[in-house]
Amino acid sequence: MVVSIQVAEKAFGSNGKRAVVLEDIRLDIERGEFLTIIGPSGCGKSTLLKIAAGLDTSYSGSVTVHDRKVTKPGISQGFIFQEHRLFPWMTVEQNIAADLNLRDPGVKAKVQELIDIVRLTGNEKVYPAELSGGMSQRVAIARALLREPEVLLLDEPFGALDAFTRKHLQDVLVDIWQRKKITMILVTHDIDESIYLGTQLAILRAKPGRIQKWMPVGLPFPRNRTSLSFQHIRQKVLEEFEKTEQSVYTEGAGI
């Protein structure tokens with residue numbers, strides 16, 4: 001088991017006002033899996049990912065990566081935000097290297113390898129202001145991969161992109177996952193994206209956030225969104241979402 005996430009409870013609030021966001025969560029992810037987490041707005045998807053990254057430690061439970069307890073951010077947990085967060089005064093290769101010395105031949109070689117993998121060859125000296133949103137996000141992915149994390153955590157990394165760019169970057173991400181054999185956990189609100197990328201899929205319900213359903217995707221790569229097998233899984237996910245909405249309505253009404 002590479003990653004184990006157990007959240008008995010995560011709540012926000014103070015002064016007598018307290019809202020439970022996550023409850024009774026358990027996720028065990030094997031080496032090399034690509035887990036996608038999907039759920040309605042407000043179900044705690046991003047909060048769960050931040051807990052896994054060690055960015056949020058105020059919860060009841062534990063996170064381990066290779067049996068090491070995660071208590072703070074570290075190189076074992078690479079994190080990709082919705083915004084690329086590049087340094088505007090640095091070039092593409094400088095942003096990827098960040099605090100590492102590009103004059104080191106080993107660092108230089110690794111940076112160039114990742115630039116090739118994320119399909120940005122020829123843009124090494126370009127600054128973020130000259131990059132599209134999709135290109136900037138690829139730089140952010142390369143920067144996270146340079147530290148060779150044991151798990152890469154992605155918080156809706158393509159949410160702000162247009163449909164064409166989003167689909168292109170999904171293919172880039174699958175290529176990286178297959179080449180690097182890295183364990184990935186991606187949060188999304190896009191059902192097609194969750195199926196297209198994931199080997200495993202976790203559906204969260206809201207109020208509080210709990211795992212409604214865990215299912216293997218079981219489709220070979222590359223995947224075809226229009227295939228009958230893809231649409232069959234999509235229908236199953238939609239059915240689970242309907243159950244989630246019904247259960248939240250029932251509980252909220254006190255039935």
Looking at [X] and [Y], what are the two nearest heavy atoms and their distance?
X	Y	answer
Pro128	Ser136	O-OG, 4.3 Å
Arg143	Ile96	CG-O, 3.7 Å
Ile80	Pro157	CG2-CB, 4.0 Å
Pro149	Ile182	O-CD1, 3.3 Å
Gln137	Gln82	NE2-O, 3.2 Å
Leu161	Gly134	CD2-N, 3.7 Å

Item to complete: Start with the C-alpha distance between Arg119 and Val172, add both sets of side-chain angles, then the distance that settles side chain to side chain contact (heavy atoms under 4.5 Å, CB included), and finish with yes or no.
Response: CA-CA 8 Å; Arg119 307 178 190 178; Val172 171; 3.8 Å; yes
Worksheet item: Are Thr91 and Val126 close enough, and set up right, to give a side chain to side chain contact (heavy atoms under 4.5 Å, CB included), and what steps lead you there?
Response: CA-CA 5 Å; Thr91 63; Val126 173; over 6 Å; no
Item to complete: Tell me, with the steps shown, if Arg205 and Glu23 meet salt bridge (charged side-chain N to carboxylate O under 4.0 Å, His left out).
Response: CA-CA 10 Å; Arg205 52 166 291 178; Glu23 186 175 73; over 6 Å; no
So, [X] and [Y]: side-chain donor and acceptor under 3.5 Å apart, yes or no?
X	Y	result
Thr188	Asp190	no
Asp67	Thr64	no
Ser58	Lys10	yes

Fill in: Steps toward salt bridge (charged side-chain N to carboxylate O under 4.0 Å, His left out) verdict (Lys110, Asp104)
CA-CA 10 Å; Lys110 286 184 178 180; Asp104 181 325; over 6 Å; no
Worksheet entry | Full working for side-chain hydrogen bond (donor to acceptor under 3.5 Å, both in side chains) between Tyr196 and Asp171 | CA-CA 9 Å; Tyr196 191 75; Asp171 289 333; 2.5 Å; yes
Practice prompt. Decide yes or no on salt bridge (charged side-chain N to carboxylate O under 4.0 Å, His left out) for Arg26 and Asp28, but give the supporting numbers first.
Written response: CA-CA 7 Å; Arg26 174 156 189 150; Asp28 294 317; 2.9 Å; yes
Item to complete: Could you give me the CA-CA distance, side-chain angles and deciding distance for Glu193 and Gln170, then say whether side-chain hydrogen bond (donor to acceptor under 3.5 Å, both in side chains) is met?
Response: CA-CA 8 Å; Glu193 181 170 85; Gln170 288 169 358; 2.8 Å; yes
Worksheet item: If Ile, Leu, Val, Met, Phe, Trp and Tyr residues are connected whenever their side-chain heavy atoms lie under 4.5 Å apart, and connections chain through other members, are Met90 and Leu100 in the same group?
Response: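 The answer is no; the residues belong to distinct hydrophobic clusters.
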Worksheet entry | Joint hydrophobic cluster, Val7 plus Val20, side-chain heavy atoms closer than 4.5 Å |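 Val7 does not cluster with Val20.
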Discussion item. For residues 73-84, which residue pairs pass the salt bridge (Lys or Arg N to Asp or Glu O under 4.0 Å) check, not counting sequence neighbours?
Written reply: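 For residues 73-84, and leaving out neighbouring residues, the salt bridge (Lys or Arg N to Asp or Glu O under 4.0 Å) pairs sorted by first residue read Glu83-Arg85.
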So [Y] and [X], do their side chains get closer than 4.5 Å, heavy atoms only?
X	Y	value
Leu204	Arg210	no
Val139	Ile115	no
Val111	Leu146	yes
Pro88	Tyr127	no
Ser62	Lys69	yes
Ile203	Ile38	yes
Tyr59	Leu22	no
Ile191	Arg234	yes

Worksheet item: Can you check side chain to side chain contact (heavy atoms under 4.5 Å, CB included) on Phe34 and Val217, steps first, answer last?
Response: CA-CA 10 Å; Phe34 197 139; Val217 177; over 6 Å; no
To the nearest 0.5 angstrom, please state how far the [atom1] atom of [X] sits from the [atom2] atom of [Y].
X	Y	atom1	atom2	answer
Arg103	Asn101	CZ	CG	6.5 Å
Arg138	Leu169	CZ	CG	5.5 Å
Leu145	Ile117	CG	CD1	7.5 Å
Ile75	Gln77	CD1	CD	9.0 Å
Glu156	Leu49	CD	CG	10.0 Å
Ile29	Ser4	CD1	OG	7.5 Å

Fill in: Check against side chain to side chain contact (heavy atoms under 4.5 Å, CB included), Val151 and Ile185
CA-CA 7 Å; Val151 57; Ile185 304 175; 4.1 Å; yes
Discussion item. The test is salt bridge (charged side-chain N to carboxylate O under 4.0 Å, His left out); show your working for Glu239 and Lys213 and say whether it passes.
Written reply: CA-CA 11 Å; Glu239 288 170 1; Lys213 183 76 173 181; over 6 Å; no
Worksheet entry | Leu35, Leu173, Leu153 screened by side chain to side chain contact (heavy atoms under 4.5 Å, CB included) with Met184, the one that passes |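 Among Leu35, Leu173, Leu153, the one meeting side chain to side chain contact (heavy atoms under 4.5 Å, CB included) with Met184 is Leu173.
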Item to complete: Name all pairs fulfilling the ring pair (Phe, Tyr, Trp, His ring centres under 6.0 Å) condition that reach into residues 67-118, sequence neighbours left out, sorted by first residue then second.
Response: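 Those involving residues 67-118 are Phe79-Phe81, Phe87-Trp89.
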Output yes when [X] and [Y] qualify as a salt bridge under the 4.0 Å nitrogen-oxygen rule, no when they do not.
X	Y	answer
Glu93	Lys108	yes
Arg18	Glu9	yes
Asp175	Arg179	yes

Worksheet entry | Donor-acceptor contact below 3.5 Å, side chain Glu124 vs main chain Gly122 |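 Here the side-chain-to-backbone pair exists.
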Worksheet item: Does the Trp177 side chain pair with the main chain of Leu197, one donor and one acceptor, at a distance under 3.5 Å?
Response: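 Absent.
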Practice prompt. Sequence neighbours left out, what pairs pass side chain to side chain donor-acceptor pair (under 3.5 Å) with at least one residue falling in residues 31-42?
Written response: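 Listed by first then second residue: Glu33-Thr199.
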